[in-house]
Protein chains: 2
Amino acid sequence: MEANTVHPAETTVLAPACSVGDEEDSRLEGVALEAWRSFLQSHATILRLLDAELASEHAITTRDYEVLLYLAQAPDRRLPMSALAESTMLTRSGITRLVDGLVAGGFIERTSCASDARVSYAALTDEGLAKLRSAGCTHVGSIRRLFLEHFTPEETSRLASLLGRLPGAQRGGACTAE
Amino acid sequence: MEANTVHPAETTVLAPACSVGDEEDSRLEGVALEAWRSFLQSHATILRLLDAELASEHAITTRDYEVLLYLAQAPDRRLPMSALAESTMLTRSGITRLVDGLVAGGFIERTSCASDARVSYAALTDEGLAKLRSAGCTHVGSIRRLFLEHFTPEETSRLASLLGRLPGAQRGGACTAE
DNA sequence: CAAGTGCCGTTGACCGGTCAACTATAATTT
DNA sequence: AAATTATAGTTGACCGGTCAACGGCACTTG
């Protein structure tokens with residue numbers, strides 16, 4: 001029937017390896033190329049699958065999930081918009097619109113801040129929490145299947161230590177870090 | 001002045017680790033969490049930087065670059081739109097529009113196929129090739145700096161072998177692979 | 001060779017996200 | 001206290017990409 005919809009993605013990719021010209025070192029060689037390509041393509045593929053599953057089984061986006069999760073972990077289950085923006089690495093306007101959607105879905109409410117009238121909190125509703133819980137199972141399962149399952153525990157730890165050196169890898173995200 | 005534009009990204013992120021509820025295994029623990037988080041966040045961060053550099057120094061996108069590169073490596077420096085779509089992991093319509101842009105920029109021409117009137121080739125122009133070459137230096141340099149430089153050769157190779165197991169990592173992309 | 005079937009590329013409608021401009025509030029300077 | 005500057009959030013315009021529908025062409029199959 002179909003299956004003609006080639007999955008999209010945000011790949012990118014690398015650099016010559018053959019003979020565009022055969023000049024300088026503007027090329028990536030062997031194993032370095034492999035590493036880089038695998039990095040890009042696996043990311044694209046995994047995220048795509050993750051998103052598809054979450055969308056089809058829970059009608060939310062990976063981003064939605066992420067926001068719900070951050071809120072669930074936050075004290076009082078609420079966070080200022082800016083905090084959300086920073087955590088998710090979206091712009092403030094991006095978060096505004098994303099939260100708009102979640103509010104419309106009933107997963108989040110906007111509440112105002114007593115001590116600073118500029119800030120508006122995004123607060124997780126009970127339905128939001130329920131959604132997160134139900135989606136969580138699926139999602140974590142998928143992450144295991146698509147990512148973690150390919151490694152032994154030691155490998156996972158080695159991988160973590162390698163990837164952990166890359167730019168951006170160390171920005172927050174943990175439980176009570178910040 | 002500013003620097004208030006928090007860099008955006010397509011992160012996602014993981015799963016609880018604290019105490020959303022303290023139920024089942026719908027959580028990611030320790031080192032697995034680290035690996036997954038690093039994977040997501042480093043990707044987001046690196047691609048963002050890469051894109052910014054390419055945009056500011058060469059006025060093209062990472063995707064543009066990718067397409068140019070694929071064409072440069074192709075026999076006769078041209079490829080059918082569908083082939084491009086597959087390589088880049090974009091949809092056919094996505095490629096149409098992307099190529100539109102590159103044609104407008106003079107980097108690509110559309111030519112038709114003698115043996116099959118349905119296909120239209122995207123063919124690299126000389127300017128396109130020049131663009132690729134000049135951008136290539138910057139780009140590959142950035143990849144080295146942002147990614148490769150964080151690893152010794154053995155580490156790179158180990159990383160390649162780990163990432164190489166992930167879904168999507170083995171799809172084509174090499175020189176004369178197909 | 002006429003009719004079905006399927007593939008190629010483009011287009012329209014939409015969506016998620018950015019950027020830049022703006023409003024309202026807070027904090028700082030004078 | 002008034003003026004300045006900075007911060008929080010929203011909005012409008014736009015962009016890159018998807019999806020679904022379509023038109024042109026090629027390949028069966030009657």
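Labels below follow one simple rule: chain letters A, B, ... track the order of the sequence lines, proteins then strands, and each chain is numbered from 1. Note that the structure is predicted; figures quoted are calculated from it, not measured.
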>> If you take any heavy atom closer than 4.0 Å to DNA chain C, which residues from residues 99-112 of chain A end up in contact?
In response: none

> When the distance from CG of B:Asp64 to C1' of D:dG17 is rounded to whole Å, what number comes out?
Replying inline: 13 Å

> In terms of ring plane angle, is the pair A:His43 and B:His43 parallel, tilted or perpendicular, where the classes change at 30° and 60°?
Replying inline: parallel

> With sequence neighbours excluded, what pairs up with B:Asp76 under the salt bridge (charged side-chain N to carboxylate O under 4.0 Å, His left out) test?
Replying inline: B:Arg78

>> As a test of reading the structure: which of D:dT18, C:dC8, C:dT10 is closest to the side chain of B:Ser82, going by heavy atoms?
In response: C:dC8

> Applying side-chain hydrogen bond (donor to acceptor under 3.5 Å, both in side chains), which residue pairs with at least one partner in residues 157-169 of chain A are found, sequence neighbours left out?
Replying inline: A:Arg165-B:Glu155

>> I want to check something: taking the side chain as every heavy atom from C-beta on, are B:Leu68 and B:Leu129 in contact at a cut-off of under 4.5 Å?
In response: no

> Would you call A:Glu127-A:Arg133 a salt bridge at under 4.0 Å N-O?
Replying inline: no

> Can you check the B:Arg92 CZ to D:dG17 C1' distance for me, whole Å?
Replying inline: 15 Å

> Taking only residues two or more places apart in sequence or in another chain, which ones pass side chain to side chain donor-acceptor pair (under 3.5 Å) with A:Gln170?
Replying inline: none

> Between C:dC8 atom P and B:Leu79 atom CG, what is the distance in whole Å?
Replying inline: 14 Å

>> Applying a 4.0 Å non-hydrogen cut-off, can you work out what B:Ser120 is touching in the nucleic acid: base, sugar-phosphate, or nothing?
In response: sugar-phosphate

> Over how many whole Å does the gap from A:Leu98 atom CG to D:dT11 atom P extend?
Replying inline: 15 Å

>> Nearest whole Å is fine: how far is D:dT7 C1' from A:Glu86 CD?
In response: 14 Å

> Who pairs with A:His58 by side chain to side chain donor-acceptor pair (under 3.5 Å), at least two apart in sequence or on another chain?
Replying inline: A:Thr138

>> Are B:Tyr65 and B:Leu50 packed together at the side-chain level, in the sense that at least one heavy-atom pair is separated by less than 4.5 angstrom?
In response: no

>> If I take atom CD1 in residue B:Ile95 and atom P in nucleotide C:dG9, what distance separates them, rounded to the nearest angstrom?
In response: 10 Å

> Whole-Å distance between D:dG17 P and A:Leu47 CG?
Replying inline: 16 Å

>> Once ring-ring contact (aromatic ring centres under 6.0 Å, His included) is applied, do any residues pair with B:Tyr121, and if so which ones, sequence neighbours excluded?
In response: none

> For the side chain of B:Leu90, counting heavy atoms from C-beta on, which of C:dG17, C:dT18, D:dT18 is nearest?
Replying inline: D:dT18

> Considering heavy-atom distances to DNA chain D, does B:Asp116 or A:Thr96 have its closest nucleotide positioned more toward the 5' end?
Replying inline: A:Thr96

Distance-only criterion, 3.5 Å: show the donor-acceptor pairs between side-chain atoms of residues 96-110 of chain A and protein atoms not counting sequence neighbours.
{"unit_1": "A:Thr96", "atom_1": "OG1", "unit_2": "A:Arg92", "atom_2": "O", "d": "3.1"}
{"unit_1": "A:Asp100", "atom_1": "OD1", "unit_2": "A:Arg110", "atom_2": "NH2", "d": "2.1"}

> Quick one: is A:Thr91 getting a side-chain N or O under 4.0 Å of the C:dG17 phosphate, OP1 or OP2?
Replying inline: no

> For the helix from C:dC1-D:dG30 to C:dT30-D:dA1, what angle lies between the axis at the first five pairs and the axis at the last five pairs, to 10 degrees?
Replying inline: 10°

> Please give, in whole Å, the distance from D:dC15 C1' to A:Arg97 CZ?
Replying inline: 13 Å

> With sequence neighbours excluded, what pairs up with B:Ala160 under the side chain to side chain contact (heavy atoms under 4.5 Å, CB included) test?
Replying inline: A:Val31, A:Glu34, A:Ala35

> What residues, two or more places apart in sequence or in another chain, satisfy side chain to side chain donor-acceptor pair (under 3.5 Å) together with A:Thr61?
Replying inline: A:Asp64

Review item, nucleotides 2-6 of chain C N/O atoms under 3.5 Å of protein N/O:
{"unit_1": "C:dG6", "atom_1": "N2", "unit_2": "B:Arg118", "atom_2": "NH1", "d": "3.1"}

